[in-house]
Number of protein chains: 2
Amino acid sequence: MFRERGYDATTMRAIANEAGVSLGNTYYYFASKDHLIHAYYARSHQDHLAACDPLLESETDLKNRLIGVLAAKIETSQPYHHFAGQLFKTAADPKSPLSPFSHESAPVRLESIELLTRVVEGSSTKVTGKLAQELPELLWTYQMGIILYWIHDDSRDCARTYRLIEQTGDLVVRLVRVSRLPPMRPLVSRALKLVAELRAPLP
Amino acid sequence: MFRERGYDATTMRAIANEAGVSLGNTYYYFASKDHLIHAYYARSHQDHLAACDPLLESETDLKNRLIGVLAAKIETSQPYHHFAGQLFKTAADPKSPLSPFSHESAPVRLESIELLTRVVEGSSTKVTGKLAQELPELLWTYQMGIILYWIHDDSRDCARTYRLIEQTGDLVVRLVRVSRLPPMRPLVSRALKLVAELRAPLP
DNA sequence: GCCTCTTTTTGAACGTGTTCAAAAAGAGTA
DNA sequence: TACTCTTTTTGAACACGTTCAAAAAGAGGC
């Protein structure tokens, strides 16, 4: 229904009606309208994990793995593009359990990070040391940025998002490769130190 | 009032009461509760522009200029940190006139980009060519990222945000400096091409 | 079948943001 | 002062998301 009518025009009363239950009953199953919306996200997340398996088992080039996983994310989310803006809005409240950074979202977040860990570990490009530890989560942040761009992308078939994935994916992989070169070493080291610092538990 | 009670507890009825007008009357002045919230943002934006003048007139080191402007942004926004999450939420709807990417927000956006143009042009580090054209807007996007981090930052006095500004500000300036070196040239060129491509008007 | 406990369902009511027709107030002109 | 037009104000009403006490239904044991 959200697809046909959009978020705003789909009232909880209409949803209850369509499901053949009372209005109050919908709240037995979903804590709020936002939780209902978020169920769509959870589904596309599962779809994404599943869609990535074949790729990660057959492809070893880091760039292709990364770009493939990101593109799959967009593909599995595409049915929901129509109301992705609303999804973003519900996720934007830092205090909401639906925020990607929230405690409640940790399982989904960890699964995504685990997926990106597989991207890195199963590739022919070897990443070691501190960077290996931090890279999956950095890639997750990068993926969040891509999704954010996608939400705002009005191009046909979200062509621009795919373009962004290709180009930045290539760039990211190049950066990963040069990160071991001596001139880059201090920079990378500092960046990783900052990431660890900002991630440390607050006093 | 938003400061004392928080966004949710501050109803339009309470606001009307406090202002000594009727509930309906508040809508004569502000199109919605979100517009009311956004007026705070507009004010802090003006405060920011004003706060940056002294710095930009006296400092010429690019790094110090950039870090100073970003830190000033956080400082001028600090009074509103309490409900910054709600501000982010209202701005998160891509279709909302309050979104930083919206047509209606263009004036504020352009002013911010103009400010960052001043940061670059008035510095002793010379930036030329295509990069000079694109850099202010890229810096604006970077600033948006900082603000987003700030919104989620629960550290004392937002110390982490300042730390992030320092470290990433330094990194950005270093990247700007090395962008002219021959090994970086192709990368930078490609990045700029992508930016221009994604910014072109849609068919 | 009856009893007890748990789960599911209901629908009236609530609070909040918002709308809008009508009234009031303000401003300018003759 | 009266009239006309514009702006501001009002308050009842509306729509929507949500709540919750009570009712209904389900499940298990005797």
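First the proteins, then the strands, lettered A, B, ... as listed; each starts at 1.
Distance A:Ile37 CD1 to D:dT18 P: 12 Å, rounded to the nearest Å. Computed from coordinates, the A:Leu36 CG to D:dT18 C1' distance equals 14 Å when rounded to whole Å. The nearest whole Å value for the distance from the CD1 atom in A:Ile15 to the C1' atom in D:dT18 is 13 Å.
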Identify each atom pair where a protein N or O and an N or O of nucleotides 19-26 of chain C are less than 3.5 Å apart, giving names and distance.
none

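Taking A:Tyr80 as the reference, A:Tyr40 meet the ring-ring contact (aromatic ring centres under 6.0 Å, His included) condition, with sequence neighbours excluded. With sequence neighbours excluded, the residues that form a side chain to side chain donor-acceptor pair (under 3.5 Å) with B:Gln78 are B:Trp150.
Remark: side-chain polar atoms of B:Ser112 are paired, donor with acceptor, to backbone N or O of B:Val108 under 3.5 angstrom. Put simply, the side chain of B:Lys33 gets close to the backbone of B:Thr10: a donor and an acceptor are under 3.5 Å apart. With hydrogens and angles disregarded, no donor-acceptor distance shorter than 3.5 Å links the side chain of A:Asp93 to the backbone of B:Lys89.
A heavy-atom distance below 4.5 Å is found between the side chains of A:Ser44 and A:Ser77.
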Quick one: side chains of residues 192-203 of chain A, donor-acceptor pairs under 3.5 Å with protein atoms, not counting sequence neighbours, listed by atom name and distance.
residue, atom, partner, partner atom, Å
A:Glu197, OE1, B:Arg163, NE, 3.3
A:Glu197, OE1, B:Arg163, NH2, 3.4
A:Glu197, OE2, B:Arg163, NE, 2.7
A:Arg199, NE, A:Glu137, OE1, 3.4
A:Arg199, NH2, A:Glu134, OE1, 2.4

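Taking the side chain of A:Lys33 as heavy atoms from C-beta on, and the options C:dT10, D:dG11, D:dT18, the nearest nucleotide is D:dT18. Of the candidate nucleotides D:dT10, D:dG17, C:dT10, D:dT10 has the atom lying nearest to any side-chain atom of B:Ser22.
With the nearest nucleotide of DNA chain D identified for both A:Asp34 and B:Tyr29, B:Tyr29 has the one nearer the 5' end.
Legend: ring-ring contact (aromatic ring centres under 6.0 Å, His included) pairs involving residues 44-68 of chain A, not counting sequence neighbours: none detected.
Residue A:Phe30 is classed as having no contact, given no heavy-atom separation below 4.0 Å to the nucleic acid.
Within 3.5 Å, no donor on the side chain of B:Arg13 pairs with an acceptor on the base of C:dG15, nor the reverse.
Using a 3.5 Å distance cut-off with no hydrogens or angles, the side chains of B:Tyr142 and B:Thr168 do pair a donor with an acceptor.
The stretch residues 84-98 of chain B does not touch DNA chain C, since none of its heavy atoms comes less than 4.0 Å from the strand.
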